[in-house]
Protein chains: 2
Amino acid sequence: MLAMPSPDWRAKRRAAALGDIVEMAWELAREHGLAGLSLRDLARRLGMAAPSLYSYFDSKHALYDALFADGYRAMLEMDPPAEGDDVRTTLRNVARFYMQFALDDPVRYQLLSQRTIPGFEPSPEAYALAQEAYDWTAAPLRAVVDVTQGDLDLISAVITGLVSQQLANDPGGTRWVRLLDDAVDLLVHRLEQRKTHPASPRGRRTRKKRNP
Amino acid sequence: MLAMPSPDWRAKRRAAALGDIVEMAWELAREHGLAGLSLRDLARRLGMAAPSLYSYFDSKHALYDALFADGYRAMLEMDPPAEGDDVRTTLRNVARFYMQFALDDPVRYQLLSQRTIPGFEPSPEAYALAQEAYDWTAAPLRAVVDVTQGDLDLISAVITGLVSQQLANDPGGTRWVRLLDDAVDLLVHRLEQRKTHPASPRGRRTRKKRNP
DNA sequence: GTCTATAAATGGATAGAC
DNA sequence: GTCTATCCATTTATAGAC
């Protein structure tokens, strides 16, 4: 008797193949650079013909999009940064978590956080994952202190900057990594100062109004 | 009478041609992305045959190297950030200068400050220019306050982070640009704190020694 | 969904005449 | 220094048989 393959089985099979492709794509990207990734190499390493990839991805950009989404999914599957007893500890955990994630895989960081592939923009679905990961990472911090969007933007910029400088100017070293705790102290100071003067959070500088 | 072209004239001619090539290369890179730059396009836009470029550059990477050097030379030819009356004003000037330079030409920023072209590393000569530009930018700050290398590294990281986030997540906008003054305030606080407690600049945290 | 064959183009780079 | 001609590899992508 010939059993019909269940749709469920088909879907699983396809998902598994898709996962293999994405995984191998990361491997090649790490070897030859993100821009150096080629569908030919990818297919060869998978033991399949290059055109076969097109039954999984409509274009190379679609593959990049899958990688982009996969990168953020990987983040969301990790143990989240621990909520500490105070703001400083919590922010330190969040910052270390993000820095670790970025330095663990520079090519992944390049795709997720820099605009480096000409013409590539993540799809709305993939970008939604990025947003989710962003909120998820910041959640422990939100739990222990009131933060504005500006606070979070500044925090993300500082961590991003440390990562960026570390990768560009001292790859494999620790020149900027070891500044992380100092950077956290600076940011905590800002948050504490906010908490102390909730009524005038930006009151350190005064601005003239144009038409008083 | 046939006049011999003076070596001087030849050198000038060559330098001018070289400058034209570099300028056009920037233009194309801005159009098609840094990685999307091709020697064929470049030659066509210059009205010359592609192989002719090889009398100016030994390889495509050599062209990238020339662009890298040119980018930093452009910085060094600008009006330097003004030294202000106090640390805050001076740091603000330096930070704004750098941010302006980066946002003015994202592709240039990408080449100068990120490792994005597979296999490309600036030559020692080009990298020396980068160092020079770095020192030149920081000079006004050094003139008004004692800064350690760690201070400068943290400062550069913070500014770089703002630029990086601005370009990646809000290109053309001001979401991170408008955080610059706040970031400067944070950094100034660190520098002031240092000045107040010169004996124990990192004494806020205590560490246990392994073998006391 | 996989393959072969092939398109249609681009890539960087070299040889050698002028 | 500039050109033509060419190499040879590579690219993404499509057509169509199985």
Side-chain angles (χ1 to χ4, degrees), chain A residues 2-22 24-25 28-29 31-67 111 116-121, chain B residues 2-22 24-25 28-29 31-68 111 116-121 123:
Chain A
L2 283 164
M4 290 293 282
S6 75
D8 186 63
W9 183 84
R10 271 183 192 280
K12 260 191 189 164
R13 196 65 192 100
R14 186 179 170 85
L18 241 147
D20 288 349
I21 295 172
V22 164
M24 183 61 74
L28 282 174
E31 283 178 33
H32 305 122
L34 192 60
L37 178 63
S38 94
L39 298 182
R40 229 172 223 199
D41 279 359
L42 179 55
R44 181 163 0 120
R45 290 276 280 264
L46 289 164
M48 61 164 57
S52 302
L53 289 172
Y54 283 84
S55 23
Y56 296 96
F57 301 101
D58 288 339
S59 68
K60 194 182 184 182
H61 275 16
L63 172 60
Y64 279 127
D65 200 57
L67 291 171
L111 178 62
T116 176
I117 302 291
F120 169 68
E121 261 189 298
Chain B
L2 284 165
M4 290 293 282
S6 74
D8 187 62
W9 183 85
R10 271 182 192 279
K12 261 190 188 166
R13 237 335 242 133
R14 186 179 170 85
L18 241 146
D20 288 349
I21 294 172
V22 165
M24 184 61 75
L28 282 174
E31 284 178 32
H32 305 122
L34 193 58
L37 178 62
S38 94
L39 298 181
R40 258 183 163 78
D41 279 359
L42 178 55
R44 181 165 359 120
R45 289 277 280 264
L46 289 164
M48 61 165 55
S52 302
L53 288 171
Y54 283 84
S55 20
Y56 296 97
F57 300 101
D58 289 338
S59 68
K60 194 184 185 182
H61 274 15
L63 172 61
Y64 279 127
D65 200 57
L67 291 172
F68 185 93
L111 179 61
T116 177
I117 302 291
F120 170 67
E121 261 190 298
S123 63

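Basis for what follows: all heavy atoms, side chains included, without hydrogens, waters or symmetry-related copies. Naming: A, B, ... by sequence-line order, numbering from 1 per chain.
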Should we count CG of B:Asp58 as having more than 12 external heavy atoms under 6.0 Å?
no
Let me know the distance between CG of B:Leu28 and P of C:dT10, rounded to the nearest Å.
14 Å
Between A:Tyr54 and B:Ala17, which is nearer to the 5' end of DNA chain D once each is assigned its nearest nucleotide?
B:Ala17
Can you check whether B:Leu63 reaches B:Leu42 side chain to side chain, under 4.5 Å on heavy atoms?
yes
Nearest to the side chain of A:Ser55, heavy atoms from C-beta on, is which of C:dT2, C:dT14, D:dA15?
C:dT2
Could you list by number each residue of residues 56-67 of chain B showing a heavy-atom separation from DNA chain C of less than 4.0 Å, or answer none if no residue does?
B:Ser59, B:Lys60
Nearest 0.5 Å, please: how far is CZ in A:Arg14 from CH2 in A:Trp9?
13.0 Å
Could you list the protein-to-nucleotides 16-18 of chain D atom pairs, N/O on both sides, closer than 3.5 Å?
none

Atom-to-atom span, CE of B:Met48 to C1' of D:dT2 - whole angstrom
8 Å
Just N and O in the side chain of B:Ser52: are any of them under 4.0 Å from OP1 or OP2 of D:dC3?
yes
Mind checking whether A:Tyr56 and A:Val22 have side chains closer than 4.5 Å, heavy atoms only?
no
Atom CG of B:Leu53 and atom C1' of C:dT14: how far apart are they, to the nearest Å?
14 Å
Rounded to the nearest 0.5 angstrom, the CD1-NE2 distance for B:Ile117 and B:His61 is 8.0 Å
Step-by-step side-chain contact (heavy atoms from CB on, under 4.5 Å) determination, B:Phe120 to B:Asp65
CA-CA 8 Å; B:Phe120 170 67; B:Asp65 200 57; 3.9 Å; yes
Exercise: identify the closest heavy-atom pair between A:Ala43 and A:Ala50
CB-CA, 3.4 Å
Heavy-atom nearest nucleotide on DNA chain C for A:Pro51 versus A:Arg14: which residue maps closer to 5'?
A:Arg14
Check whether any side-chain heavy atom of A:Glu31 lies under 4.5 Å from a side-chain heavy atom of A:Asp41, and answer yes or no.
no
Please tell me if the side chains of B:Leu39 and B:Phe57 come closer than 4.5 Å, counting only heavy atoms from C-beta onward.
no
Return the residues of residues 37-47 of chain B meeting this criterion: a heavy atom under 4.0 Å from some atom of DNA chain D. Order them by number, or give none.
B:Gly47
Would you indicate whether B:Arg13, at its atom CZ, is surrounded by more than 12 heavy atoms from other residues, nucleotides or ligands within a distance under 6.0 Å?
no
Indicate yes or no for a side-chain donor-acceptor contact from A:Tyr64 to the backbone of A:Leu34 under 3.5 Å, with no hydrogens or angles considered.
yes
